[in-house]
Trainee: 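Can you keep this structure in mind? I'll have questions shortly.
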Number of protein chains: 2
Amino acid sequence: MTGALDDRGAQVLRHVVEDYIETAEPVGSRTISKRMEQHLSPATIRNIMADLEEMGYLVQPHTSAGRVPTGAGFRYYVDYLLARRRLARPQRDQFQRMAGEAGGSADELVRQVSRLVSTLSRQACVVVVARLSSQPLRSLNLLRAGADKVLLVIVTQGGWVEHRLIEGETGLSGDDIGKINAYLNELADGLSLHELRGKILREMKQEKARYDRLMQRALQLSARALEESSPTEVYVEGRANILEQPEFAEDVQKLKRILRAFEEKSVIVRLLDRTLEGDAIQVSIGSENPVEGFPDISVVSSGYRLGESVTGSIGLIGPVRMDYSRIIPLVEYSARLLSSTFEHR
Amino acid sequence: MTGALDDRGAQVLRHVVEDYIETAEPVGSRTISKRMEQHLSPATIRNIMADLEEMGYLVQPHTSAGRVPTGAGFRYYVDYLLARRRLARPQRDQFQRMAGEAGGSADELVRQVSRLVSTLSRQACVVVVARLSSQPLRSLNLLRAGADKVLLVIVTQGGWVEHRLIEGETGLSGDDIGKINAYLNELADGLSLHELRGKILREMKQEKARYDRLMQRALQLSARALEESSPTEVYVEGRANILEQPEFAEDVQKLKRILRAFEEKSVIVRLLDRTLEGDAIQVSIGSENPVEGFPDISVVSSGYRLGESVTGSIGLIGPVRMDYSRIIPLVEYSARLLSSTFEHR
DNA sequence: GATTAGCACTCGGAGCAGCGGAGTGCTAAT
DNA sequence: ATTAGCACTCCGCTGCTCCGAGTGCTAATC
């Protein structure tokens with residue numbers, strides 16, 4: 001099973017995949033024969049297709065139906081047959097215009113980008129993940145927010161803002177808060193939230209030796225604020241797009257499973273996990289994707305940098321039968337756009 | 001058409017509605033005859049049903065099918081026939097447990113409540129809206145957030161936190177920021193964001209006469225931060241629940257329209273708009289709902305108070321054929337829970 | 001030897017008839 | 001006023017045929 005293809009086989013496979021992407025119907029030998037630039041009769045095509053089937057790139061839903069690409073077929077197509085295009089000019093312009101308009105806050109920009117990607121793809125649902133805890137911090141700010149509450153506002157270098165409300169903190173004067181602030185910022189300098197948490201815990205042990213009660217309080221307080229591992233932000237855009245796909249619209253069970261999965265943040269994060277490390281683009285076809293039980297969805301995703309390190313990932317989730325030649329440049333471009341926008345901050 | 005019902009008619013209507021809610025199938029006279037406590041033969045029931053049909057409470061999908069309640073039928077049921085129950089004990093407990101666990105921040109609580117409501121209802125999708133701009137403020141805090149950026153953190157008395165990033169602000173010393181903060185808080189005291197915006201604009205005119213440049217700057221800056229009308233926060237939970245309903249699962253077109261609508265914040269806000277004013281519960285059945293084009297969904301919603309005034313609304317969106325006797329107490333209870341939790345802050 | 005025309009074969013889906021059942025409305029009996 | 005009885009309606013299921021798209025194989029052709 002599976003193996004290298006000669007040129008003719010590759011061309012036939014390419015046509016089958018592309019036609020299937022377009023029509024969502026099994027593709028017959030006549031169709032391919034007409035589509036191919038090199039003229040070959042349907043009979044010849046049939047022979048080639050039979051070979052491709054033996055190699056595991058195609059299957060027949062039943063005898064006397066056309067062929068449908070398998071996961072391996074799509075894989076081969078994506079790896080070797082896909083013409084790698086740049087994103088089309090007008091679409092690049094749309095992105096640029098949007099980036100110009102989007103306000104200063106990082107999460108606003110991410111939301112806009114994902115919305116645009118979803119509209120342009122029309123195939124699938126776009127998901128963006130931003131892992132806050134590994135972004136280098138810009139500043140921490142403690143605020144009084146009521147009689148017994150203080151608010152810790154966290155700003156990362158990428159321009160992400162998050163806040164934690166801490167309850168049951170009484171008797172901190174404005175002066176105390178100022179001092180704690182200064183201390184925390186000194187501690188945090190250049191670290192990520194994750195690293196800071198470690199440092200605070202270490203510091204707490206040492207500081208106990210000394211007798212600075214305020215600093216001790218500061219450490220306890222921030223340890224409390226940071227104890228819940230900071231959640232990964234997840235944005236999902238264009239859920240309704242998947243209804244556009246005939247393969248899902250027909251099978252409500254499948255649809256239900258997918259939509260349910262999308263309500264779980266953790267599932268989405270797992271889907272994009274791979275790309276949260278490097279910023280190369282990743283294509284997971286069908287059962288290759290990291291989440292079990294969804295053999296008919298593909299994920300095209302890419303990490304993006306927020307500042308120095310890759311902390312976010314944008315991904316497009318759709319049917320295996322998606323238009324990779326359009327989708328891949330789209331995701332690639334938007335990830336690069338996010339990275340470069342955050343760089344200039 | 002439509003009119004008052006005698007007792008027997010009402011009982012029959014009640015049974016038709018309840019049976020239809022349960023089965024989603026047209027209800028026949030035999031079924032009702034068996035279900036009714038007062039024994040009546042199917043033939044009698046048929047006569048009564050024919051009357052109810054004339055009055056507009058029931059329809060037949062076709063001759064020789066059972067009857068289905070119309071919008072008016074459901075309306076009558078909800079207004080006069082529904083046994084108003086309290087929420088069941090175990091469910092109340094679930095809410096209490098959750099409220100105890102939920103962290104301090106308001107939006108976390110709201111999210112948890114909507115999630116629980118969605119799980120308990122299993123029928124529909126829950127939506128929560130919180131209108132920030134009419135909540136009385138607790139404090140405003142300006143923070144430095146980079147070389148040319150400042151961050152305005154807004155905390156309302158209900159415990160809601162929001163922030164706005166303002167770009168292109170250079171040359172403000174820490175001292176300046178402190179002064180601006182004090183000034184803004186004095187200005188904001190007890191006002192809502194909406195009122196504050198008005199006050200700032202008025203103040204700006206007067207302040208021009210005076211020559212305090214820093215205060216002028218403060219006003220300009222906050223005016224900029226508040227110029228975009230603060231968006232209404234919208235949380236949607238349990239979208240996939242609507243797939244559970246046979247009436248939608250069968251009609252993909254309808255489903256698509258509904259899911260698309262849910263991607264638009266504005267549509268959701270319009271659906272709950274009515275209840276954003278008072279805190280009474282509202283039931284919009286079918287085409288009664290404020291958004292045109294969705295004649296087969298109902299909305300059960302109630303406002304809740306965040307502090308003094310009603311600024312939020314929790315609503316349940318589902319098929320017209322929903323179990324109002326379960327849903328209404330559920331929504332009522334959760335709205336009251338939100339109000340009372342926010343009161344004790 | 002590769003390609004192709006020809007042909008028999010397979011299989012799914014559309015279309016149609018027939019039937020059974022659930023439900024109705026009407027009439028006549030209680 | 002209620003109800004038993006009955007004829008009637010209509011939906012949806014089942015089974016049937018027919019059609020077409022597509023295949024694999026074989027034999028003829030380049």
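Each chain gets a letter, A, B and so on, in the order the sequences are listed, and its residues count up from 1. Scope of the values below: all heavy atoms of this structure, side chains included, with no hydrogens, waters or symmetry mates.
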Trainee: With sequence neighbours left out, what residues match B/R35 under salt bridge (charged side-chain N to carboxylate O under 4.0 Å, His left out)?
Mentor: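 B/R35 satisfies salt bridge (charged side-chain N to carboxylate O under 4.0 Å, His left out) with B/D19 only.
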
Trainee: Nearest to the side chain of B/Q60 - C/dG25, D/dA4, C/dG12?
Mentor: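 Per side-chain heavy atoms of B/Q60, the pick is C/dG25.
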
Trainee: Paired with C/dA14 by Watson-Crick or G-U wobble geometry, both distances under 3.5 Å: which nucleotide is it?
Mentor: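 Result: D/dT17.
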
Trainee: Both distances below 3.5 Å, Watson-Crick or wobble geometry, any strand: find the nucleotide opposite D/dT29.
Mentor: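 Looking at the geometry, D/dT29 pairs with C/dA2.
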
Trainee: Taking 4.0 angstrom as the limit, do B/K254 and B/E247 come out as a salt bridge?
Mentor: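 Between B/E247 and B/K254 there is no salt bridge, as every charged N stays at least 4.0 Å from the carboxylate O atoms.
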
Trainee: What's the OH-C1' distance between B/Y20 and C/dG23, to the nearest Å?
Mentor: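 Going from B/Y20 (OH) to C/dG23 (C1'), I get 17 Å.
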
Trainee: From C-beta outward on A/L40, which listed nucleotide comes closest to its side chain: C/dT4, D/dT3, C/dC11?
Mentor: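 My answer, after comparing the listed nucleotides, is C/dT4.
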
Trainee: Take atom CG of A/D19 and atom C1' of D/dG22, then tell me their distance rounded to the nearest Å.
Mentor: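 Atom CG in A/D19 sits about 14 Å away from atom C1' in D/dG22.
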
Trainee: Measure from CG on B/N47 to P on C/dT27 and round the result to the nearest Å.
Mentor: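 After rounding, the gap between these two atoms is 12 Å.
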
Trainee: Which whole-number value in Å describes the distance from A/I48 CD1 to D/dG24 C1'?
Mentor: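 Rounding to the nearest Å, CD1 of A/I48 and C1' of D/dG24 are 15 Å apart.
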
Trainee: Taking atom P of C/dT3 as reference, at what distance in whole Å does atom CG of A/D51 sit?
Mentor: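 Between P of C/dT3 and CG of A/D51: 11 Å.
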
Trainee: With a 4.0 Å limit, can you tell me whether B/T44 has a side-chain N or O closer than that to the phosphate oxygens OP1/OP2 of D/dT3?
Mentor: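 So the side-chain polar atoms of B/T44 do come within 4.0 Å of the phosphate oxygens OP1 or OP2 of D/dT3, strictly under.
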
Trainee: Which whole-number value in Å describes the distance from B/M49 CE to C/dG25 C1'?
Mentor: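 After rounding, the gap between these two atoms is 13 Å.
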
Trainee: Does A/R67 place a side-chain N or O at less than 4.0 Å from the phosphate oxygens OP1/OP2 of D/dT23?
Mentor: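 Yes, within the criterion.
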
Trainee: When the distance from NE2 of B/H39 to C1' of D/dA1 is rounded to whole Å, what number comes out?
Mentor: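 The answer, rounded to whole Å, is 14 Å.
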
Trainee: Distance-only, no hydrogens or angles: does the A/Q11 side chain make a donor-acceptor pair with backbone N or O of A/M36 under 3.5 Å?
Mentor: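 No, the answer is negative, given that no donor and acceptor are paired below the 3.5 Å cut-off.
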
Trainee: Look at A/S29 and D/dT23 and indicate whether a side-chain polar atom (N or O) is within less than 4.0 Å of OP1 or OP2.
Mentor: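 Checking A/S29 against D/dT23: at least one side-chain N or O falls below 4.0 Å of OP1 or OP2.
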
Trainee: Any donor-acceptor pair, under 3.5 Å, between the side chain of B/S64 and the base of D/dT9, if you only look at N and O atoms?
Mentor: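 A donor-acceptor contact between them is present.
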
Trainee: Looking at B/T63, I'd like to know whether one of its side-chain N or O atoms comes within less than 4.0 Å of OP1 or OP2 on D/dT9.
Mentor: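 Result: no.
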
Trainee: Within 45 degrees of the ring normal and closer than 6.0 Å to the centroid, is that where the cationic atom of B/R257 sits relative to B/F294?
Mentor: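 Yes, a cation-pi geometry holds between B/R257 and B/F294.
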
Trainee: Answer yes or no: is there a side-chain heavy-atom contact under 4.5 Å between A/V117 and A/E237?
Mentor: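 Not in contact.
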
Trainee: For B/A43 and for B/H62, find the nucleotide of DNA chain D with the closest heavy atom, then tell me which residue's nucleotide is more 5'.
Mentor: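 Residue closer to the 5' terminus by nearest nucleotide: B/A43.
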
Trainee: When you measure from the side-chain N and O atoms of B/R30 to the phosphate of C/dG21, is any distance below 4.0 Å, counting only OP1 and OP2?
Mentor: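 For B/R30, the contact criterion (side-chain N or O under 4.0 Å from OP1 or OP2 of C/dG21) is not met.
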
Trainee: To the nearest Å, give me how far apart CZ (A/R46) and C1' (C/dT4) are.
Mentor: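 In whole Å, C/dT4 C1' lies 10 Å from A/R46 CZ.
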
